[in-house]
A.B. asks: 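Below you will find the structure I want to go over with you.
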Amino acid sequence: MRKEQTSLTYDPSHLKVGVLALQGSFEEHLDMLDGLGVNVVEIRLPGQLEGLDGLILPGGESTTIGKLAVEFGLLEPLRTFGGEKPIWGTCAGAILLSRDAHRTQPLLELMDITVDRNAYGRQIASFETELDIPVLKTVSDSTAPFNGIFIRAPLISSVGKDAEILAALPDGRVVAAQQGHLLATAFHPELTEDDRVHRYFIHLVLEKIRSLWQES
Ligand code: GLN
């Protein structure tokens, strides 16, 4: 796997990051995190959230993932986890993080964003495009654009006052947002060879650990 130069210094083997493994493209996230030397755990049950430093909600089908989360008794534990620790949602995962998806489906409602599912229409349901994501400079010296892979992706249709825009398409449509330790991307960095967004998430995980240390 190709690695970009990084300005990030940490011992990743001390971190434990989970990937929700109910449905969808969770394997690719596990591989990417593994490549960064982080301890990775597949999460299917509430008790497995114990001791995690961060969690990724993968792409897939947000209605299915949401229903399974309800069935496995994970919805409330995930909400509590996200209130304290970093969560990154990709695509369906971003939908789960949103406070409103304009449909009736289980959501975590952790981020002050709303989304429109399958927002790009049938003709261009899946596409790739180069994205400028300025915050990646935090973890990489590279200024190369990020290859955004969109698969029946949601549009982040509004970003409330508590959240900020990290990336948008040239026409202004928002495709990535952050709210403190919560991150949402409408595209799939785990399907690329470029680990900068994963490293940015690890950076958020480390920031959180540092701030919890300072508080205690
Ligand atoms: N279309 C899916 C949904 O609405 C998301 C697609 C994806 O995660 N790649 O849940």
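All heavy atoms count here, side chains included; hydrogens, waters and symmetry mates do not. Counting convention: from 1, in listed order, for ligands and their atoms alike.
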A.B. asks: Tell me, with the steps shown, if E50 and K16 meet salt bridge (charged side-chain N to carboxylate O under 4.0 Å, His left out).
C.D. replies: CA-CA 10 Å; E50 188 87 20; K16 197 166 144 192; over 6 Å; no

A.B. asks: Tell me the contacting part of T90 for ligand 1: side chain, backbone, both, or neither, using a 4.0 Å heavy-atom threshold, strictly below.
C.D. replies: neither

A.B. asks: State the NZ-CG distance between K85 and L55, to the nearest 0.5 angstrom.
C.D. replies: 10.5 Å

A.B. asks: I95 heavy atoms, cut-off 4.0 Å: which ligand 1 atoms fall inside?
C.D. replies: 3 (C), 4 (O), 10 (O)

A.B. asks: I'd like to know whether H203 forms a ring pair (Phe, Tyr, Trp, His ring centres under 6.0 Å) with Y200, so could you lay out the CA-CA distance, the side-chain angles of the two residues, the decisive distance to 0.1 Å, and finally the verdict.
C.D. replies: CA-CA 5 Å; H203 162 77; Y200 183 66; 5.7 Å; yes

A.B. asks: Answer with side chain, backbone, both or neither: which part of R152 has a heavy atom less than 4.0 angstrom from an atom of ligand 1?
C.D. replies: both

A.B. asks: Check each of L33, I209, N39 against L15 using the side-chain contact (heavy atoms from CB on, under 4.5 Å) test, and report the only one that passes.
C.D. replies: I209

A.B. asks: Here's a test for you: under side chain to side chain donor-acceptor pair (under 3.5 Å), which of H188, H29, E28 qualifies with T90?
C.D. replies: H29

A.B. asks: Does any N or O atom in A92 lie less than 3.5 angstrom from one in ligand 1, N or O only?
C.D. replies: yes

A.B. asks: What atoms of ligand 1 come within less than 4.0 Å of a heavy atom belonging to C91?
C.D. replies: 5 (C), 6 (C), 7 (C), 8 (O), 9 (N)

A.B. asks: Kindly identify the option in S126, G60, S25, G59 whose heavy atom sits closest to atom 5 (C) of ligand 1.
C.D. replies: G60

A.B. asks: Drop me the distance from F187's CZ to T192's OG1, to the nearest 0.5 angstrom.
C.D. replies: 9.0 Å

A.B. asks: Tell me, which protein residue and heavy-atom name are nearest atom 4 (O) of ligand 1, and how many Å apart are they?
C.D. replies: R117 NE, 2.6 Å

A.B. asks: Name the closest protein heavy atom to atom 1 (N) of ligand 1, giving the residue it belongs to and the distance to 0.1 Å.
C.D. replies: N118 OD1, 2.7 Å

A.B. asks: Would T63 count as a polar contact of ligand 1, with the cut-off being nitrogen or oxygen pairs under 3.5 Å?
C.D. replies: no

A.B. asks: Side chains of L169 and Y120: closer than 4.5 Å at any heavy-atom pair?
C.D. replies: yes

A.B. asks: If the cut-off is 4.0 Å to any non-hydrogen atom of S62, which atoms of ligand 1 fall inside it?
C.D. replies: 3 (C), 4 (O), 10 (O)

